[in-house]
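Throughout, residue positions are numbered sequentially from 1 according to the sequence presented.
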Amino acid sequence: MRAIATIILSTSICIQSFSQEYPDSATVERTLDEITVQAPSVIRKTDRDVYAISEEVKKRSSSPFNLLTNTGIPSISVNDVMQKITVNGKDAEIRINGRKADINQFKAIPVDNIRRIEFIDNPGLKYDGATAVINIIVVNPERGGSLSLSDMQALNYKWNNASTSLTLEHGKHQFSINGSGYFRNDLPLFRDYNDRYLMPGGSVVERTETPDDGHFTNDGIYPGISYNYYVPDKTNLYVSAWLPVNLQNELLYSGSLSTKGISGTTRLTDLQRDPNNNQRLSAYIEQKLPHDQTIMANIGWGRGTGTSRRTYTEEPDSRAIGDEIHIDNHIRNQNSSWSAETDYTKSWNRNIFTAGLRYSGSTNRARYIYETDPTVTVRQTTDRIYFFGEYTTQIEKWNITAGAAGTWQDNATEGHHVSNLHFTPRLSVAWRYCDVSRWALTVSSNTLSPTVSETSPIVQQIDGFVIQQGNPDLKSYVSYKAQLRYGFALGQRFSGSVTTSFQYSPDPVQEYYTWSGDKIMHTWNNEGHASYFETTFSPRWEYIPGWATLSGSLTLSRSWTKGHNYRHNLTNWSGVANASFYHWGFDVLLQYERGIAYLLGERIQRGEAYTMFQAGYKWKDWHFAFGLFNPFGRYSQEISVISDLVKQQTVTRTTACNRMPFLQVSYNISWGRKPRQASRKLESDLSGSGASAAGR
């Protein structure tokens, strides 16, 4: 399986002061049990923390990424360079006024339009299994406009992020044109690799790769346009089109393989290419009804084409034993996706009822191209219906939410259908001990599904020992989770949370290795179980009021998997630490992150490890920043296979981010603005994907 080389940096949680929270109609959700702990900075609600955004924070924030950093939310890691946001090392779901959005849509928001940020670390059924939700509440001015420009350039490598956003408002209408680009050319990349194969007769083959060369290239653009028509407290119409294009995505490893006990070496080359392009259209409408009722609907369509290709060669010298190997896994994908959804919300007194119905479908046509054999075409489709109902009530210091969801999904491969219907209940009970202390216990479940590659029946060769084949009979499955969270705030300078959770999945989709003829087969099935336990401490301390802050998170986790003829476990710790300083227009950030490790069947995937230093200065509408990637230590990312038949360890490294200097310049200006409020609640689920060329 290939290692994806990404470089994570740039996250900080800085000091701030917040403006007074004003009532508005940006959302119809009346979350109960509001407890103002550090007024007016943050309002601790039962299911979320609401952070008001002051004019001061806006003035010293050059982008939505920078503003989220300056908001000071513990456990959130912001990756401005690689355009990524995580919560305790896990991917976070971004929403804009409740509408699901991606990173490019998030960073196109004008900073002046952001009113508050809602952090939901225990999302309900409405969010369909999201780990955590960051909801950006935006207000659209009645007239005026804004322009944002940003560019980040490494000083010694071809690494650049650029973005621009133009927004115009007039009366009930808002127009936005956005564009962003990422350009990373020929970045030096290498891997430390070793493997071990158990042969049928009991003999063992052990190999070690010495890296010689390698590079990483990833270039893409993301243009988009949107229109918003808004009648206050009545109607909201939002239409958007996005046309992302991945121009180049190339990963090359080359090195020399040596086999234990055998003289000579084998020249190895592993090249992967995945260019693609996509088109996405969506239309959303929200209508407010009498008696605190709101109905929302959204439709969407997406289409994508792309190539997934892996070329792998082994060329032994005259002293080495073995045959020359040439593998070319070449797939051309064409996929389409569509979705339709509607939600209904009713609020009264201390109660809220929410219900929704969503349909999403996708189809992928994968053409497997061979040098000598005829092309093989595989058509895979997915249809999914999700429906839910959830009710919330408040009784004195108690807040109770109960509901259930149903998920019907049909996966078809060349006309072979596998259908499942799962019901997943959820119950959350929260208790406010006092104004600065609160407990929440949640028992929930959600449905998980196999991917296109896991169900593809085509056999692909990985190397001289291993082949891969998906399983069209894979089924979706239910994962059950219990979580206990304690949130606290000691004065106005120290706050945080402690969260403990346990997750159990019977009959999950898990990989395993077995013999098939003279090759080791890598495949998947629904067998065994998987369990995961973690405890996370996320504090924030403003040790110099208005000047300096320490924040971060520390997670201890343990995983267990049982599958086809195997049992594995893993204990791991991960965390993020931020030290930030701000005064007189200057800002300084030091950050360390150790990525979380997951045990997935017979595979361990460890996230990135890095350090970062950045210093910046805000002058009028400009922001200038200088930084170093990894001023201490080295970047690394690891993937390990721990099967009895196959043991592989790949540690991806790059010198590009070791003491690599970068310069970032941002410009933001707005004009003629008069505040007014608008809201968007839903977004299409356009999740069509293609098959991937098999690799390590």
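A side-chain donor-acceptor contact under 3.5 Å links T305 and N277. A side-chain N or O of N246 and one of N218 form a donor-acceptor pair less than 3.5 Å apart. Residues N122 and T442 bring a donor and an acceptor atom of their side chains to less than 3.5 Å of each other. A side-chain donor-acceptor contact under 3.5 Å links N411 and Q409. The closest side-chain donor-acceptor pair between S226 and S240, if any, does not fall under 3.5 angstrom. In the model, T536 has a side-chain atom that pairs as donor or acceptor with a side-chain atom of T555 under 3.5 Å.
Although no hydrogens or angles enter the test, the distance criterion places a donor-acceptor pair under 3.5 Å between the side chain of E414 and the main chain of R379. A distance-only check finds a donor-acceptor pair linking the side chain of T342 to the backbone of M296 [under 3.5 Å]. Side-chain atoms of S165 come within 3.5 Å of backbone N or O of A108 as a donor-acceptor pair. Side-chain atoms of N526 come within 3.5 Å of backbone N or O of D507 as a donor-acceptor pair. At distances below 3.5 Å, not a single donor-acceptor pair connects side-chain atoms of R367 with backbone N or O atoms of H330. Although no hydrogens or angles enter the test, the distance criterion places no donor-acceptor pair under 3.5 Å between the side chain of Q461 and the main chain of I467. Between the side chain of T413 and the backbone N or O of H416, no donor-acceptor pair lies under 3.5 Å. Although no hydrogens or angles enter the test, the distance criterion places a donor-acceptor pair under 3.5 Å between the side chain of T561 and the main chain of G601. A distance-only check finds a donor-acceptor pair linking the side chain of T523 to the backbone of Q469 [under 3.5 Å].
For the pair E390 and R426, the salt-bridge criterion is met [side-chain N within less than 4.0 Å of a carboxylate O]. Using a 4.0 Å cut-off between charged nitrogen and carboxylate oxygen, K346 and D292 do not count as a salt-bridge pair. Under the 4.0 Å criterion applied to side-chain N and carboxylate O atoms, E511 and R603 are assigned as salt-bridge partners. A salt bridge links D102 with R280; the closest basic N to acidic carboxylate O contact falls under 4.0 Å.
The aromatic rings of Y391 and W348 sit tilted, their planes meeting at an angle between 30° and 60°.
Two rings, from F175 and Y227, have their centers less than 6.0 Å apart. Checked against the 6.0 Å centroid threshold, Y513 and Y566 do not count as a close aromatic pair. Ring to ring, Y512 and W524 are not that close: their centroids are 6.0 angstrom or more apart.
Between Y477 and V509, the shortest heavy-atom distance links the atoms CE2-N, 3.3 Å. In terms of heavy-atom proximity, K475 sits nearest to V418 at CG-CG1, 3.7 Å.
To the nearest 0.5 Å, atoms NE2 (H291) and CD (Q293) are separated by 7.0 Å.
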